[in-house]
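Below is one structure; the comments refer to it alone.
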Amino acid sequence: MKCRPLPREFFERPTTAVARALIGTFLESTLGGRRCVGRVVETEAYLSRGDEASHSRSGPTARNRSMFLAAGHAYVYFTYGMHHCFNVVTGPEGVGEAVLVRALEPVLGADVMRARRGRDAERDLCSGPAKLVQALAIERAHDGHSLASRPLRLLTRDSFAESFGAQRRLAVDAGARIGIRRSTELPLRFCLRGSRFVSR
DNA sequence: TGCCTGATTGCCT
DNA sequence: GGCAATCAGGCAA
């Protein structure tokens, strides 16, 4: 089936629903003139209320302002002095919710990913939020980019049916989020069951 | 102005 | 399993 970007309505559902629904979709980067695609296998939801781990917990700032854009935009932030992470903005404009994409299964352009990552093992290319950002050449400059348009798009589950079939019903597990200290009790992490490409 | 911490990764033991 | 790398944002003073 032809590659189609996810429609705006896809992102306008509750954030946890979007986080779950993103599993099995495809993230495509044509940055640097090289096409790379990965299947989303792990996500985490970050909410605007009752979530002390969310960057939006204290309202808009210069760093997190993209999180308050309309659903379907990218929120890219810099952390730990050396890494970037990629999020999909969800919810109504001005609310401040997003889904962190934590891991991808390489589908196309694995060699380009290897060169960018400086590692050979397929498992090490996109099995972490900062890894996939490096593999797809995503930068802070893409903060606020609309994910319906190149060079960075999210494509429907129907895409790449030659490799993954229709993917109608995928088994998705929910659990606690990783790498946070607050609101660790919330089950806002979603993984494709059985995938060897998740971060942990 | 200064200090502390973080939605991470990779190397070392 | 432990921990260093490395810096911008957030907050206290």
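Letters A, B, ... are given to chains in the order of the sequence lines, protein chains preceding strands, and every chain is numbered from 1. Computed from heavy atoms alone, side chains included, the values below leave out hydrogens, waters and symmetry copies. This one's a predicted model, so the numbers in the text were calculated from it and none came from an experiment.
- In the 5' to 3' direction, nucleotides of DNA chain B lying under 4.0 Å from heavy atoms of chain A begin and end at B:dG6 to B:dC11.
- Put simply, CG on A:Leu154 and OG on A:Ser149 are 11.5 Å apart, with the number rounded to the nearest 0.5 Å.
- The list of salt bridge (Lys or Arg N to Asp or Glu O under 4.0 Å) pairs with a residue in residues 174-187 of chain A, not counting sequence neighbours, reads A:Asp51-A:Arg177.
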inquiry  = Determine whether A:Glu105 and A:Arg123 satisfy the following criterion, salt bridge (charged side-chain N to carboxylate O under 4.0 Å, His left out), listing intermediate values before the conclusion.
reply    = CA-CA 8 Å; A:Glu105 172 179 347; A:Arg123 208 356 297 251; over 6 Å; no
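- In this structure A:Val95 satisfies the side-chain contact (heavy atoms from CB on, under 4.5 Å) test together with A:Ser48, A:Pro92, A:Glu97, sequence neighbours excluded.
- Between the side chain of A:Asn64 and the backbone N or O of A:Gly59 there is at least one donor-acceptor pair closer than 3.5 Å.
- Heavy-atom distances under 4.0 Å link DNA chain B to A:Met67, A:Tyr77 of residues 65-78 of chain A, given in residue order.
- Under a 3.5 Å cut-off, the side chain of A:Arg114 and the backbone N or O of A:Arg119 do not form any donor-acceptor pair.
- The ring-ring contact (aromatic ring centres under 6.0 Å, His included) test applied to A:Phe86 returns no partner, not counting sequence neighbours.
- Residue contacts shown for A:Arg177 are absent, as no nucleic acid heavy atom lies under 4.0 Å away.
- Judged purely by atom type and a 3.5 angstrom limit, A:Arg39 has no side-chain atom pairing as donor or acceptor with the backbone of A:Thr25.
- Two residues are said to be in side-chain contact when any heavy atoms from C-beta on lie closer than 4.5 Å; A:Leu100 and A:Cys85 meet this criterion.
- Under the 4.5 Å side-chain criterion, counting only non-hydrogen atoms from C-beta, A:Arg153 is not in contact with A:Ser29.
- Between the side chain of A:His145 and the main chain of A:Leu152, a donor-acceptor pair closer than 3.5 Å is present.
- A heavy atom closer than 4.0 Å to some atom of DNA chain B occurs in A:Arg117, A:Arg119, A:Gly128, A:Pro129, A:Ala130, A:Lys131, these being the qualifying members of residues 114-132 of chain A.
- Defined by atom type and a distance below 3.5 Å, a donor-acceptor pair is present between the side-chain atoms of A:Gln134 and A:Arg117.
- To the nearest 0.5 Å, atoms CD (A:Glu42) and SG (A:Cys191) are separated by 4.0 Å.
- At least one side-chain heavy atom of A:Leu188 sits under 4.5 Å from a side-chain heavy atom of A:Thr16.
- Checking side-chain atoms of A:Arg4 against main-chain N and O of A:Leu155 turns up no donor-acceptor pair under 3.5 Å.
- Counting only Watson-Crick and G-U wobble pairs whose two distances sit under 3.5 Å, DNA chain C takes part in these stems of three or more pairs: B:1-6 with C:7-12, B:8-12 with C:1-5.
- Taking CZ of A:Arg34 as the start and CE of A:Met113 as the end, the distance is 11.5 Å to the nearest 0.5 Å.
- Annotation: A:Arg8, atom CZ; neighbour count of heavy atoms from other residues, nucleotides and ligands within 6.0 Å does not exceed 12.
- Note on ring orientation: taking the six-membered ring where Trp is involved, the planes of A:Tyr75 and A:His55 are perpendicular (angle over 60°, cut-offs 30° and 60°).
- Side chain of A:Glu44 to main chain of A:Ile178: a donor-acceptor pair is present (N/O by atom type, distance under 3.5 Å, no hydrogens or angles).
- Residues of residues 183-191 of chain A that place a heavy atom closer than 4.0 Å to DNA chain C do not occur.
- A heavy-atom distance below 4.0 Å to DNA chain B is reached by these residues of residues 100-112 of chain A, ordered by number: A:Leu100, A:Arg102.
- For residues 81-96 of chain A, the pairs satisfying side-chain hydrogen bond (donor to acceptor under 3.5 Å, both in side chains) are A:Thr15-A:Thr90, with sequence neighbours left out.
- Here the side chains of A:Val89 and A:Phe11 are not in contact, with every heavy-atom distance at 4.5 Å or above.
- In this structure a side-chain-to-backbone donor-acceptor pair under 3.5 Å is missing from A:Ser54 to A:Tyr46.
- Only A:Tyr80, A:Gly81, A:Met82, listed by number, bring a heavy atom of residues 79-94 of chain A to less than 4.0 angstrom from any atom of DNA chain C.
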List every contact pair, protein side and nucleotides 10-13 of chain C side both N or O, where the distance is under 3.5 Å.
from: C:dG10; atom 1: OP1; to: A:Thr61; atom 2: OG1; distance (Å): 2.7

